[in-house]
Amino acid sequence: MTEAATPTNFIRQIIDEDLRSGKNDGRVVTRFPPEPNGYLHIGHAKAICLNFGIAEDYGGHCNLRFDDTNPVKESMEYVQSIKEDIRWLGYDWGEHLRHASDYFEQLYAWAVDLTRAGKAYVDSLSADEIREYRGTLTEPGRESPYRNRSVEENLDLFARMRAGEFADGSHVLRAKIDMAAPNMNMRDPVMYRILHASHQMTGDAWCIYPMYDFTQGQSDAIEHVTHSLCSLEFEDHRPLYDWFLDNLDVPSRPRQIEFSRLNLSYTVMSKRRLKQLVDDGHVNGWDDPRMPTLVGMRRRGFPPAAIRDMCERVGITKKDNVIDVALLENCVREELDAKAARVMGVLRPLRMVIVNYPQGQEEALEAANHPQNPEMGTRSLPFSRELYIERDDFMEDPPKKFFRLAPGREVRLRYAYFVTCVDVVKDADGEVVEVHCTYDPETRGGGAPDGRKVKGTIHWVSAPHAIRAEVRLYDRLFNVPSPDAQDFVAHINPHSLETLDAAHIEPSVVDAAPGTPFQFERLGYFCVDSADSRAGTPVLNRTVTLRDSWAKIGKGA
RNA sequence: UGGGGCGUAGCCAAGUGGUUAAGGCACGGGACUUUGACUCCCGCAUCCCAGGUUCGAAUCCUGGCGCCCCAGCCA
């Protein structure tokens, strides 16, 4: 068995070159730097797999560093959920848990150094004025009237900012670079702002907080990160990232490399839109199984291995992309096909009576838990005169290629007997409410001694033994491939959740721990819901359907 | 109209001057089947456009075109 090699990509090639040339003494250190202000989603998974994956493969390590520089938006609850999600995905940061806030004192010292060197100054313009002075994409900015304060005054003012003498917004510390730079990030970027807010890690120790640009590179340097991987929108920030490292006495020299983030078709990924879905009640919380959040996917029943697999398959480049959600579904099916035990359950029940089966009799039939993997063993299924079959598996007037049950037709009940439909019972509206069949006792187990074939095999459940359950059928949250591009709320799929309250399932299923995947044969993969399932009233989530070539032909007609 | 990126199939993506232009997903066809599942076969591109360099170009040069990002005291 040769393990499929992880496909290479331009970042791994850069690392290979660095290793060849002896850069960084052969060390490879990466980092995943989430801001604890929201839940992780499948897009983050790509970055997590990339950073932790590279660290693993190159014998280095990956720091989990909370980028906690904005206390007004961040909280401990997010820190917790982020850690859980990363662990669930299958990664371990070991000893390498860090916080940008661990470096506040050092960052402050560096800011003082820059100020002392005349490369930073305290600006007292208002936020609006700073914006006006910044210029536009095509016009250069103007220098602030405070730009040429003396070093002494800047040092004094900055110290007093830290000391809490000033109100929020009254002053900022800025890098003195170039107000005419074509790259807006170089037009004297703000390094520190005053925020009288308490921080989840440092409490009230600080009332000034460093900006992203003044934090990221130096934090990387402190941690001896060798390759600092981030998404494309930070490409314009790289000159600034480098400027700070060039102008500060830092302990190492990290390199920032940008790659394109993951986008998935039929979903939205931005924090703003996800939050709106939750706030406006389009979904039932961040962990709604329809959400692309990691908590949502976990509850839906997506195996972490499938998510890792998908991240590996999509590759790493700098090209904007939209990954077909069908790829994710394929990865989920592949993983689940190999791992999930098979059981039977009927979603939309239709009563079947075996008219020649003795009243009151029952028996146990053996069924494989996984036909392709005998090691998973067998279980016994109760069989009796009254069963439930799937409504879709019976048609009174079937089209040509329908080879399930119909009047006069014989089909196999999976692992049980061949049955032939001899009669139907209808209600006042002409709706079929019950089918009558005869069974052939010679076909016990599902095989015919005389060698005759049946075209269809359908699933069933013994009526008196079945357990009633609620089943939630999930579908794509949006009905257009790129909801991001439009008024996304208008494209929410009204059928993204269908709740069935009269499903009948094999007794064994309800004992499964929440999240344990299983396959209802011929239907799809399901798991017990972690939030709403109760002993007496089980709730099952459909993770994904089985591929269905019959559905493609077009049901009926 | 300033700056930074990107352009290989419906969606991803290898390819780094000489290959019949990998592979995956999707799609279409077929085989097998006690899940219309799984599995297995088969099919599916001349590389944004136009010039140029070269014996030879997806790969190099020039000029276009298209798309994305940047004007938070967010990250």
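Protein chains get the first letters and strands the later ones, always in sequence-line order, with residue 1 at the start of each. Remember, predicted model here, so these are calculated numbers, not experimental data.
- Using modelled atom types, one side-chain atom of S260(A) and one backbone atom of T317(A) make a donor-acceptor pair closer than 3.5 Å.
- Listed pair R547(A) / rA26(B) meets the phosphate criterion, a side-chain N or O lying under 4.0 Å from OP1 or OP2.
- Here, rU54(B) and rA58(B) have their C1' atoms 16 Å apart, quoted to the whole Å.
- At the heavy-atom level, S260(A) lies nowhere under 4.0 Å from the strands shown.
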Original post:
Hey, mind stepping through W460(A) and R414(A) against side-chain contact (heavy atoms from CB on, under 4.5 Å) and telling me if it holds?
Top reply: CA-CA 7 Å; W460(A) 55 276; R414(A) 178 82 155 152; 4.2 Å; yes
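- Within the 4.0 angstrom heavy-atom criterion, only backbone atoms of the sugar-phosphate kind lie near R313(A); the bases stay farther away.
- Counting only heavy atoms from C-beta on, Q372(A) has its side chain closest to rU35(B) among rG5(B), rA71(B), rU35(B).
- In this structure, CG of L336(A) is placed 19 Å from P of rU35(B), rounded to the nearest angstrom.
- As rounded to the nearest Å, rG43(B) and rC60(B) have P atoms that lie 31 Å from one another.
- A cation-pi geometry, defined here as NZ or CZ lying under 6.0 Å from the six-membered ring centre and within 45° of its normal, does not hold between R174(A) and Y121(A).
- Checked for salt-bridge contact, D188(A) and K176(A) miss the test: no charged N lies under 4.0 Å from a carboxylate O.
- Phosphate contact (OP1/OP2 of rC12(B), side-chain N/O of T317(A), threshold under 4.0 Å): absent.
- Comparing rC6(B) with rA22(B), their C1' atoms are spaced 22 Å from each other, to the whole Å.
- Across R379(A), R342(A), E375(A), a single residue satisfies side chain to side chain donor-acceptor pair (under 3.5 Å) together with N369(A), and that is R379(A).
- Look at the P atom in both rU20(B) and rA57(B): the space between them is 14 Å, to the nearest Å.
- As rounded to the nearest Å, rC11(B) and rG17(B) have C1' atoms that lie 29 Å from one another.
- Of the listed nucleotides (rC74(B), rC69(B), rU34(B)), rU34(B) has the atom at the smallest distance from the side chain of T457(A).
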Original post:
Checking side-chain contact (heavy atoms from CB on, under 4.5 Å) for the pair V480(A)/S265(A): CA distance, chi angles, key distance, verdict?
Top reply: CA-CA 8 Å; V480(A) 295; S265(A) 63; over 6 Å; no
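- Under 3.5 Å, the side chain of N183(A) and the base of rG4(B) form no donor-acceptor pair of N or O atoms.
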**OP:** Starting from the C-alpha separation in whole Å, work towards a yes-or-no answer on side-chain contact (heavy atoms from CB on, under 4.5 Å) for K46(A) and C311(A).
**Re:** CA-CA 5 Å; K46(A) 177 178 178 179; C311(A) 289; 4.3 Å; yes
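- With distances taken from any side-chain atom of R414(A) to the nucleotides rA71(B), rC12(B), rU35(B), the minimum falls on rU35(B).
- At the heavy-atom level, V172(A) lies under 4.0 Å from base atoms of the strands shown.
- Taking the charged nitrogens against the carboxylate oxygens, R12(A) and D57(A) do have a contact shorter than 4.0 Å, which makes a salt bridge.
- rC44(B) sits 16 Å from rC12(B) when the C1' atoms are compared, rounded to a whole Å.
- The side chain of A326(A) sits closest to rA26(B) out of rA75(B), rU34(B), rA26(B).
- Across all strands shown, rU19(B) forms no Watson-Crick or G-U wobble pair with both key distances under 3.5 Å.
- For rG36(B), the OP1/OP2 oxygens have no side-chain nitrogen or oxygen of K552(A) closer than 4.0 Å.
- For rU35(B), the OP1/OP2 oxygens have no side-chain nitrogen or oxygen of R342(A) closer than 4.0 Å.
- The side chain of R522(A) places an N or O atom within less than 4.0 Å of a non-bridging phosphate oxygen (OP1 or OP2) of rG36(B).
- rG72(B): glycosidic angle within 90° of 0, hence syn.
- Using a 5.5 Å limit on the distance between ring centres and a 30° limit on the angle between planes, the aromatic ring of W550(A) counts as stacked on the six-membered base ring of rG36(B).
- For rG66(B), the paired nucleotide is rC6(B), the pair qualifying as Watson-Crick or G-U wobble because both relevant distances are below 3.5 Å.
- Checking the phosphate oxygens (OP1, OP2) of rC73(B), a side-chain nitrogen or oxygen of R134(A) falls inside 4.0 Å.
- At least one side-chain nitrogen or oxygen of K319(A) sits closer than 4.0 Å to the OP1 or OP2 atom of rU8(B).
- A salt bridge links E233(A) with R261(A): the closest approach of a Lys/Arg side-chain nitrogen to an acidic carboxylate oxygen falls below 4.0 angstrom.
- Rounded to a whole angstrom, the distance from the P atom of rC69(B) to that of rU1(B) is 16 Å.
- Distances shorter than 4.0 Å separate none of the side-chain N or O atoms of T138(A) from OP1 or OP2 on rU1(B).
- Atom-to-atom, CG of L546(A) to C1' of rU33(B) comes out at 14 Å; the value is rounded to the nearest Å.
- In terms of phosphate contacts, S265(A) brings no side-chain nitrogen or oxygen within less than 4.0 Å of OP1 or OP2 of rC11(B).
- Residue contacts shown for F234(A) include a base, since a base heavy atom lies under 4.0 Å away.
- The residue I130(A) sits close to a base: some heavy atom pair falls under 4.0 Å.
- G456(A) comes within contact range of no nucleotide atom at all, as no heavy-atom separation falls under 4.0 Å.
- F402(A) comes within contact range of at least one nucleobase, with a heavy-atom separation under 4.0 Å.
- Within 4.0 Å (heavy atoms only), D67(A) reaches sugar-phosphate atoms of the nucleic acid but no base atom.
- Pairing for rC11(B) goes to rG24(B), judged as Watson-Crick or G-U wobble with the two contacts each under 3.5 Å.
- Set against rG72(B), rA71(B), rG7(B), the side chain of M211(A) has rG72(B) as its closest nucleotide.
- In this model, the phosphate group of rA75(B) is not approached by any side-chain N or O of K73(A) to a distance below 4.0 Å at OP1 or OP2.
- Closest to the side chain of K318(A), from the set rG36(B), rC6(B), rC11(B), is rC6(B).
- H459(A) comes within 4.0 angstrom of nothing in the nucleic acid, heavy atoms only.
- Across all strands shown, rC32(B) forms no Watson-Crick or G-U wobble pair with both distances under 3.5 Å.
- Contacts of Q519(A) with the nucleic acid, taken as non-hydrogen atoms under 4.0 Å apart, include base atoms.
- In this model, the phosphate group of rC74(B) is approached by a side-chain N or O of R193(A) to a distance below 4.0 Å at OP1 or OP2.
- OP1 and OP2 of rA14(B) both lie 4.0 Å or more from every side-chain N or O belonging to Q13(A).
- Counting non-hydrogen atoms under 4.0 angstrom, L137(A) reaches a base of the nucleic acid.
- The separation of rU33(B) from rG15(B), taken at their C1' atoms, amounts to 39 Å, rounded to a whole angstrom.
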